[in-house]
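Have a look at the structure below before the remarks.
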Amino acid sequence: EVQLVESGGGLVQAGGSLRLSCQVSGFTFESYAVAWFRQAPGKEREGVSCITSEDRTTSYADSVKGRFTISSDNAMNTVYLQMNNLKPEDTAVYYCAADPYLICTVVHGIGVELVNHWGQGTQVTVSS
């Protein structure tokens, strides 16, 4: 059974940093792309960042490029999202997702329907 468990969310002031973690299990970590999504109240879920399975190439939504960094630790079966210079508009529930069919175009809203495995989410709140 594929499981993804997020942690690391919290309350932070604008300009601050947080690191989210996504612990994965139930599949061969190196075989799945993993992505971070977020959903703010009243808004659609959006792709934030993604890391491919083959060569661990990274992709980012324009709104977070230069501020967020995705990385993976294969030995720990964990994907991280380092978030720096946080803004109030980054406030959302953040989800990690994985799927053998996941393509990192999800950061541009393409292919989200192919993702079948989601974590439970972790709340990130950025105060102004």
Can you give me the closest heavy-atom contact between [X] and [Y], atom names plus distance?
| X | Y | value |
| --- | --- | --- |
| Asp99 | His117 | OD2-CD2, 3.7 Å |
| Ala92 | Ala40 | CB-N, 3.8 Å |
| Phe37 | Ala97 | CE1-CB, 3.9 Å |
| Asn77 | Asn74 | OD1-O, 3.0 Å |
| Tyr95 | Gly119 | CD2-O, 3.6 Å |
| Leu20 | Gly9 | CD2-N, 3.6 Å |

Taking a hydrophobic cluster as the set of Ile, Leu, Val, Met, Phe, Trp and Tyr residues connected by side-chain heavy atoms closer than 4.5 Å, whether directly or through intermediates, do [X] and [Y] fall within one such cluster?
| X | Y | answer |
| --- | --- | --- |
| Leu102 | Phe27 | no |
| Val126 | Val64 | yes |
| Tyr101 | Val115 | no |
| Leu4 | Val106 | no |
| Leu81 | Val124 | yes |

Original post:
Taking the six-membered ring of Tyr94 as reference, does the NZ or CZ atom of Arg38 fall below 6.0 Å from its centre and within a 45° cone about the axis?
Top reply: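 Not flagged: Arg38 not positioned over aromatic ring of Tyr94.
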Original post:
So, Asn84 versus Ser17: side-chain donor-acceptor pair below 3.5 Å or not?
Top reply: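 Judged by distance alone, the side chains do pair up.
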**OP:** Establish, from distance only, whether the side-chain atoms of Gln13 and Ser127 form a donor-acceptor pair under 3.5 Å.
**Re:**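 The criterion, which ignores hydrogens and geometry beyond distance, is not satisfied for Ser127 and Gln13.
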Side chain to side chain, [X] and [Y], heavy atoms closer than 4.5 Å:
| X | Y | value |
| --- | --- | --- |
| Tyr60 | Thr69 | yes |
| Met83 | Trp36 | no |
| Gln82 | Leu18 | no |

Subject >> Under-4.0 Å salt bridge between Asp90 and Lys87 >> reply: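 No, no charged N to carboxylate O under 4.0 Å.
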Could you state the interatomic distance from [atom1] ([X]) to [atom2] ([Y]), rounded to the nearest 0.5 Å?
| X | Y | atom1 | atom2 | answer |
| --- | --- | --- | --- | --- |
| His108 | Asp62 | NE2 | CG | 6.5 Å |
| Phe68 | Thr58 | CZ | OG1 | 14.0 Å |
| Gln120 | Glu6 | CD | CD | 4.5 Å |
| Ser71 | Arg56 | OG | CZ | 10.0 Å |
| Ser53 | Ile103 | OG | CD1 | 10.5 Å |
| Ile70 | Ile51 | CD1 | CD1 | 5.5 Å |

Subject >> Polar side-chain atom of Thr105 near backbone of Gly111 as donor-acceptor pair, under 3.5 Å >> reply: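 It does not hold such a pair.
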**OP:** Mark yes or no for whether Thr78, through its side chain, and Met76, through its backbone, hold a donor-acceptor pair below 3.5 Å.
**Re:**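 Side chain of Thr78 to backbone of Met76, a donor-acceptor pair under 3.5 Å: yes, one is there.
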Subject >> Flag if over 12 foreign heavy atoms under 6.0 Å of CD, Glu113 >> reply: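 More than 12 heavy atoms, drawn from other residues, nucleotides or ligands, come within 6.0 Å of this atom.
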